[in-house]
2 protein chains.
Amino acid sequence: MSNKRTKNQEQILKLINNNSEEMSAQNLHFQIQQHGLRIGLATVYRTLKLLKIEGEIQERVTPDGESFYSTINSVYHHYHHLNCVNCGKSYPMNICPLSQKITDWCHSQKFKVYYHTLEFFGLCAACQDQDIASECLSAN
Amino acid sequence: MSNKRTKNQEQILKLINNNSEEMSAQNLHFQIQQHGLRIGLATVYRTLKLLKIEGEIQERVTPDGESFYSTINSVYHHYHHLNCVNCGKSYPMNICPLSQKITDWCHSQKFKVYYHTLEFFGLCAACQDQDIASECLSAN
DNA sequence: CTGAAAGTGATAATCATTCTCATAATACAG
DNA sequence: CTGTATTATGAGAATGATTATCACTTTCAG
């Protein structure tokens, strides 16, 4: 295992670990520049790919295709969401209904589980009170 | 509710309902042309957005940002996966560990649940036996 | 009819992500 | 050390799915 990281990679991992919010690659690159560091965008993406494979960080892909990254080790980030398919808002739910039994089963499949995602999709209360279907395409 | 659909919209919904595989918008557009129909790509996307809001279809976003659509009503499609963060393969798991209790809780939140996704991420058996981290960036 | 509203398709624009490639840093054998 | 092979890096181009634009059709209520 090549478990030795470069300075750039360490910086990026530290930034993710120290941040309480999940971050996109673009956002991460911007913050790096704010800190006066000079790490190219390509390196950010390469490092995220590496850290992901090493099981250090987790990835959440939003419906519009952008990826957000956060540390796996923080309990704080183990959230699932109720996602409105209309307005796109995500409502975090601070419970995880997965029993230990299921986790064990996954491991028994010879699959090494780093983390899991559980997302619910539907309409939030606000959007249920609208004639959303007719508004859906009108923006065009 | 504008529950009346156009011919194009009906064709697209029918195609999704009749297909046992989940399909991307691009793939869907290609198949439409194969059937001799002339529906523009923009209309395909607009219709998918509409059907999604109406709760007719479900969307799964892959880590590389592409969306795949399938009918909600088919039991066949209610699958969760073990996703390898290295090779990208998805291994379907034909169980759903979510209890009815959780589903009820979601509804109690005034959130109208259309469907949910549950995905596990980690390393598959094959990838656990490789020096993946060192290979990760070498392709570049 | 008829005219406003909604739907459509060709194409351009967007934008996160990946690729390219020349250069810089690092590792390492002799 | 010292040269050399390997890996990492960054600037910018390329990619490709998705979205926006806009002129043209279709729908349908009155």
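Below, each value reflects all heavy atoms present in this structure, side chains not excepted, and no hydrogens, waters or symmetry copies. On a predicted model such as this, the values are computed, not experimentally measured, just so you know. Proteins get letters first, then strands, A, B, ... in listed order; numbering begins at 1 in each.
Dashed line: the shortest gap from a side-chain N or O of Asn8(B) to OP1 or OP2 of dT8(C) is under 4.0 Å. Within the structure, every side-chain polar atom (N or O) of Tyr45(A) is placed at least 4.0 Å from both OP1 and OP2 of dT18(C). At least one side-chain nitrogen or oxygen of Thr6(B) sits closer than 4.0 Å to the OP1 or OP2 atom of dT8(C). OP1 or OP2 of dA27(C) has at least one side-chain nitrogen or oxygen of Lys4(A) nearer than 4.0 Å.
With hydrogens and angles left out, the side-chain atoms of Asn17(B) and Thr71(B) include a donor and acceptor closer than 3.5 Å.
In this entry the distance linking NZ of Lys7(A) with P of dG10(D) reads 13 Å, nearest Å. Computed from coordinates, the Ile39(A) CD1 to dG10(D) C1' distance equals 11 Å when rounded to whole Å. Atom-to-atom, NZ of Lys49(B) to C1' of dA20(D) comes out at 11 Å; the value is rounded to the nearest Å. Atom C1' of nucleotide dA24(C) and atom CZ of Arg46(A) are separated by 13 Å, given to the nearest angstrom. Regarding His29(B), its NE2 atom lies at a distance of 13 Å from the P atom of dA17(D), rounded to whole Å. Computed from coordinates, the Phe30(B) CZ to dG16(D) C1' distance equals 17 Å when rounded to whole Å. Between the CD atom of Gln11(B) and the P atom of dG7(C) there is a distance of 17 Å, rounded to whole Å. Rounded to whole angstrom, the span from the CG atom of Leu41(A) across to the C1' atom of dA8(D) amounts to 16 Å.
Contacts of Ser67(B) with the nucleic acid, taken as non-hydrogen atoms under 4.0 Å apart, involve only primed sugar atoms and P, OP1 or OP2.
Side-chain contact between Tyr69(A) and Met23(A) is absent, with no heavy atoms from C-beta onward closer than 4.5 Å. Counting heavy atoms from C-beta outward, Gln11(A) and Thr6(A) have side chains that stay 4.5 Å or more apart. Taking 4.5 Å as the limit, some side-chain heavy atom of Leu51(A) sits within range of a side-chain heavy atom of Arg5(A).
You'll find that the side chain of Ala42(A) is closest to dC19(C), out of dC19(C), dT17(C), dA10(C).
Between the side chain of His29(A) and the main chain of Thr43(A), no donor-acceptor pair closer than 3.5 Å is present.
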